[in-house]
Protein chains: 2
Amino acid sequence: MATTVQRHSPPTSGQEAGSEPCWPALSEAPLRRADAETLAGVLRAIADPARLQLISLIQAARGGEACVCDLVDPLGLSQPTVSHHLKVLLDAGLVSRCRRGSWAYYRLVPERLAALAQLLA
Amino acid sequence: MATTVQRHSPPTSGQEAGSEPCWPALSEAPLRRADAETLAGVLRAIADPARLQLISLIQAARGGEACVCDLVDPLGLSQPTVSHHLKVLLDAGLVSRCRRGSWAYYRLVPERLAALAQLLA
DNA sequence: GTGAGACATCGACACCTGTCGATATTCTCC
DNA sequence: GGAGAATATCGACAGGTGTCGATGTCTCAC
């Protein structure tokens with residue numbers, strides 16, 4: 001397959017989705033199906049034991065960030081599986097990634113978690 | 001099959017699980033696997049578009065309660081499916097059920113939702 | 001450039017979950 | 001007690017998801 005060159009993009013600043021701090025409030029009466037799907041998508045991202053542990057581990061890490069190799073052992077899962085879970089959290093906008101050299105450092109996006117919390121309150 | 005008599009219990013007051021208002025905080029460092037599983041179980045209950053809509057509909061209903069027949073049409077799902085989703089919410093302790101006559105009225109358990117919200121904050 | 005290490009992606013598999021129609025259960029009312 | 005209505009349960013099916021080993025893609029050090 002013709003491998004396109006695909007130059008590495010500059011260290012991503014993370015949160016592309018930072019412009020939408022909150023979702024339609026759960027208390028605002030008849031939640032539309034489309035909104036419910038969006039919300040459920042984000043909630044499903046944290047509704048997994050491994051990913052909850054990842055969030056906990058990242059938050060507890062010094063500097064508030066952790067690389068994959070720091071997370072594999074505490075989770076007791078294989079490296080590909082941990083990468084997979086981190087990607088799910090990344091796609092949901094709950095964590096941000098920052099490559100430094102060979103390492104990929106992940107940190108939480110607190111606004112995103114706060115928005116989720118506010119939604120349930 | 002020998003149908004045991006199974007007399008109907010008095011109208012359940014709901015929240016058997018009311019004695020445990022909150023879970024291990026997500027911010028309290030290394031979340032144990034067992035705790036993560038418990039948490040994920042509750043989160044998975046609300047990480048579904050149909051169930052989010054159910055919560056929204058019940059909250060918006062007059063009196064803060066709704067019976068199944070009020071929920072089937074707005075959701076656009078079959079009655080068995082709606083019953084299934086309500087059971088999931090019930091098992092997670094997020095709603096309570098109260099039978100009056102042939103009708104089953106569901107209402108939210110706000111403390112449970114608040115505890116979830118606090119956990120993410 | 002070459003080798004080694006960190007991470008991402010792929011393909012495959014088992015298991016879970018949402019959905020439905022059919023049916024059972026439980027109540028009310030005559 | 002028998003008919004009818006509201007709800008719960010059952011069995012089956014399709015689609016989604018977590019997990020792994022194997023492999024690809026970068027980056028750094030020499």
Side-chain angles (χ1 to χ4, degrees), chain A residues 1-12 33 36-37 40-54 58 65-73 75-92 95-106, chain B residues 1-12 33 36-37 40-54 58 65-73 75-92 95-106:
Chain A
M1 51 190 74
T3 64
T4 58
V5 183
Q6 196 135 271
R7 296 252 30 85
H8 82 292
S9 44
T12 79
R33 182 69 184 195
E37 304 256 10
V42 182
L43 284 169
R44 213 179 303 120
I46 64 169
D48 179 274
R51 293 197 284 270
L52 284 173
Q53 283 188 288
L54 280 175
I58 293 174
E65 62 180 9
C67 60
V68 181
C69 57
D70 292 334
L71 300 168
V72 169
D73 278 5
L75 243 68
L77 295 174
S78 71
Q79 176 266 319
T81 300
V82 173
S83 264
H84 162 70
H85 285 306
L86 286 169
K87 179 168 170 48
V88 173
L89 290 173
L90 187 66
D91 290 344
V95 305
S96 61
R97 176 168 52 187
C98 172
R99 293 206 73 133
R100 287 205 294 277
S102 302
W103 288 265
Y105 288 89
Y106 288 85
Chain B
M1 51 189 73
T3 62
T4 57
V5 183
Q6 197 133 272
R7 296 248 32 84
H8 81 293
S9 43
T12 80
R33 182 69 183 197
E37 304 256 10
V42 182
L43 285 169
R44 212 179 303 121
I46 63 168
D48 178 274
R51 294 195 284 269
L52 284 173
Q53 284 188 287
L54 279 176
I58 292 174
E65 64 179 8
C67 62
V68 182
C69 57
D70 292 333
L71 300 169
V72 169
D73 277 5
L75 242 69
L77 295 174
S78 71
Q79 175 266 318
T81 301
V82 173
S83 264
H84 162 71
H85 285 306
L86 286 169
K87 178 169 170 45
V88 173
L89 291 173
L90 186 66
D91 290 344
V95 305
S96 61
R97 176 169 51 186
C98 171
R99 292 205 74 133
R100 287 205 294 276
S102 302
W103 287 267
Y105 287 90
Y106 288 84

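First the proteins, then the strands, lettered A, B, ... as listed; each starts at 1. Fair warning: this is a prediction, and the values are worked out from it, not measured in the lab.
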Is there any protein nitrogen or oxygen under 3.5 Å from a nitrogen or oxygen in nucleotides 16-18 of chain C, and what are the pairs?
unit_1: C:dG18; atom_1: OP1; unit_2: B:Arg51; atom_2: NH1; d: 3.4
unit_1: C:dG18; atom_1: OP1; unit_2: B:Arg51; atom_2: NH2; d: 2.9

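- Taking atom CZ on B:Arg97 and atom P on C:dC27, their separation rounds to 12 Å, with Å as the unit.
- In this structure, CH2 of B:Trp103 is placed 8 Å from P of C:dC29, rounded to the nearest angstrom.
- The two residues A:Ile58 and A:Val95 come nearest to each other via the heavy atoms CD1-CG1, 4.3 Å.
- Of the listed nucleotides (D:dT7, C:dA8, D:dT9), D:dT9 has the atom at the smallest distance from the side chain of B:Pro80.
- Considering only side-chain N and O atoms, B:Ser102 lies nowhere under 4.0 angstrom from the phosphate OP1 or OP2 of D:dA5.
- Taking CG of A:Leu71 as the start and CD of A:Gln79 as the end, the distance is 11.0 Å to the nearest 0.5 Å.
- Going from atom CZ of B:Arg100 over to atom C1' of D:dA5 covers 17 Å, rounded to whole Å.
- Rounded to an integer number of Å, the gap from B:Leu90 CG to D:dA8 C1' is 12 Å.
- Here the CG atom belonging to B:Asp48 is positioned 13.0 Å from the CG atom belonging to B:Leu43, to the nearest 0.5 angstrom.
- Nearest heavy atom pair, residue A:Cys67 against residue A:Trp103, reads SG-CD1, 3.7 Å.
- Checking the phosphate oxygens (OP1, OP2) of C:dA8, a side-chain nitrogen or oxygen of A:Tyr106 falls inside 4.0 Å.
- Closest contact between the side chain of B:Gln79 and the listed nucleotides C:dC7, C:dG21, D:dT7 involves D:dT7.
- Annotation: the span from B:Leu89 atom CG to B:Arg97 atom CZ amounts to 12.0 Å, rounded to 0.5 Å.
- No contact: B:Tyr105 has no heavy atom under 4.0 Å from any strand.
- A:Leu86 places its CG atom 15 Å from the C1' atom of D:dT19, with the value rounded to the nearest Å.
- A:Val68 and A:Ser83 get closest at one heavy-atom pair: CG1-OG, 4.4 Å.
- Summarising the geometry of A:Ala45 relative to A:Arg51, their closest heavy-atom pair is O-NE, 2.5 Å, with the distance given to 0.1 Å.
- The rotation axes computed at either terminus of the helix from C:dG1-D:dC30 to C:dC30-D:dG1 lie 30° apart, taking five pairs at each end and rounding to 10 degrees.
- Interatomic distance, B:His84 NE2 to B:Leu86 CG, rounded to the nearest 0.5 Å: 10.0 Å.
- For the pair A:Gln53 and B:Ala36, the tightest heavy-atom approach, listed with the atom from each and the gap, is CG-CB, 3.8 Å.
- In terms of phosphate contacts, A:Ser83 brings a side-chain nitrogen or oxygen within less than 4.0 Å of OP1 or OP2 of C:dA8.
- Residues from residues 65-72 of chain B lying near DNA chain D, meaning a heavy-atom separation below 4.0 Å, are B:Cys67, B:Val68, B:Cys69 in numerical order.
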